[in-house]
2 protein chains.
Amino acid sequence: MKALPPVRILSACDRCEVRRKSICNAVKPVLQKEISRISRVRTFEAGNTILAEAEDSVFLGIVMSGILRVQRTMADGRQQIVGLLLPADFFGRVFERTSGVAVEAATDVTLCCFERHAFERLLSRSPELEHQMFLAVLRELDAARDWMLLLGSQTIPERVASFFLILHRRTTVIEPDMPSRKRRLSVHVPISRHDMAAYLGTTVETISRVIQDMSRRGIIEIHSPQHFGILDEKRLVRCSGREELSIGHRCLADEPHMAVG
Amino acid sequence: MKALPPVRILSACDRCEVRRKSICNAVKPVLQKEISRISRVRTFEAGNTILAEAEDSVFLGIVMSGILRVQRTMADGRQQIVGLLLPADFFGRVFERTSGVAVEAATDVTLCCFERHAFERLLSRSPELEHQMFLAVLRELDAARDWMLLLGSQTIPERVASFFLILHRRTTVIEPDMPSRKRRLSVHVPISRHDMAAYLGTTVETISRVIQDMSRRGIIEIHSPQHFGILDEKRLVRCSGREELSIGHRCLADEPHMAVG
DNA sequence: CGGGCGTTTGAAGGATGTCAATGATAGTGG
DNA sequence: CCACTATCATTGACATCCTTCAAACGCCCG
């Protein structure tokens, strides 16, 4: 008679929604267990600061739900969002005391957190984990470069159109169970106009004008300030000034990415 | 009687000027030898393309002398330089067939090249080398984020002032043997106005106007189109809109960095 | 000397930021 | 349930920064 399989204790990780998309999925089970052991789930309300710009960052982790903004602030108060982190993305800066960027909750968020030093010890013991982190940072760098093109060479209407298209593709990846017809036509902007402006390097007023204008021209329709329909995708792509295929490149659309925050 | 030390054959690496600043310096001698074995020195004239945007990148390597520009081009021809690579910097994208960015010689350059697959094999066999690459990419990402702040939130005069200050600090690191007095006061811009414009996200005309204006106001003096003196560093810093200490951050000024090109 | 390239300078128009006011929405307390 | 407030989004008028187009200038090299 065969022995019964050992009783399996469900850890928090077994119920983790983003596990299969995050860095956890890319490493061996034994390592997953070690990660699990040093992890702790925390929640923050929208607007809270997770890691401040100057302050020592004592922890890092993975976004489970909600959205983080990674941003830098200038002496006179101007802010630039240098990255948005969606579920499954990694936040925090390994191998550095302070990150030089702030990480804040753009919406209510649930995070899977690790104490930085414990995670770094794990990294130095596991080349496999470090390799996965390396790949994630490489993709993140690709995305950052893509965004530099957007900020340096595109007009504001082009930036808004690009942003919509990237969000649309990214949402398609994140929520593949949504009816495809609805997915095809709708864009949900999960952040405020203020954050959108800080991300696109412009102001809320200009954003608003551009969106209203695209709506008047029949390219999109406005369901609510955060929900839009795409009426003419071809034209939206043309507005973005990009080739369809290069939108979001490897990174923003296809893969979870990582922030040095 | 003690045996004589073994005769030491000088490889190209032993004479390498940038070795102690590059990734080679950070790995063990035995690994350096392996790297040396797969390396090959190549030269390119200014304007030549090292890696094209769409094309498979078959090699990567380290800048020995000269300057590379890492850039993306839009469908209509607009170009954005997303990184400048100085001696000791790494170029090329590991673990990806194509990089999505072009790497071109901004000046005549000498490169230490590796065939990509051979280098990747070395990487997968050596966690130590991969760790060093990882650190370099993290620094590069920090620099990219810094540049996103510049492109997204700073005015053109601020960008020019920031660029001068970064160049000044970087030059100080690169050429520490120059008399300190001369170093303190001079900035050498090693690239054309056209490249400067593509890097700062503006046009040659605007760059020219801003520089002439800074000269008229007594902040800098123009020795030649590529050589400048800093007359009033305090004011130049104020023009840049940044805190002195954060200019160039960790990355652009203090450490060789790495491009995904 | 002349052609070509890179840089500078000038004039004019357009895109975007700024300031101010209005409109919409949600949460709060009476 | 309804004002009331606070916050966010939109709209308008205006100023300005920056790009664009054009031309002149300087310089290197054939």
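Note on naming: letters A, B, ... go to the chains in the order of the sequence lines (proteins, then strands), and numbering restarts at 1 for each one.
Partners of Cys239(A) according to the side chain to side chain contact (heavy atoms under 4.5 Å, CB included) rule, which considers only residues two or more places apart in sequence or in another chain, are Ala161(A), Arg217(A), Ile219(A).
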In B/S/- notation, 5' to 3', how is nucleotides 5-21 of chain C contacted by protein heavy atoms closer than 4.0 Å?
--SSBBB----SSBB--
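Regarding Leu200(B), its CG atom lies at a distance of 11 Å from the P atom of dT19(D), rounded to whole Å. Summarising the geometry, the separation between CG on Asp213(A) and C1' on dT11(D) is reported as 13 Å, rounded to the nearest angstrom.
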Donor-acceptor contacts, no H, no angles, side chain residues 43-53 of chain B, under 3.5 Å, sequence neighbours left out:
from     : atom 1 : to       : atom 2 : distance (Å)
Glu53(B) : OE1    : Thr73(B) : N      : 3.1
Glu53(B) : OE2    : Thr73(B) : N      : 3.4

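Gln80(B) and Gln71(B) share no donor-acceptor pair across their side chains, judged by distance under 3.5 Å alone. Between the side chains of Glu221(A) and Ser215(A), no donor N or O sits under 3.5 Å from an acceptor N or O. Under 3.5 Å, the side chains of Thr110(B) and Ser65(B) contain a donor-acceptor pair of N or O atoms.
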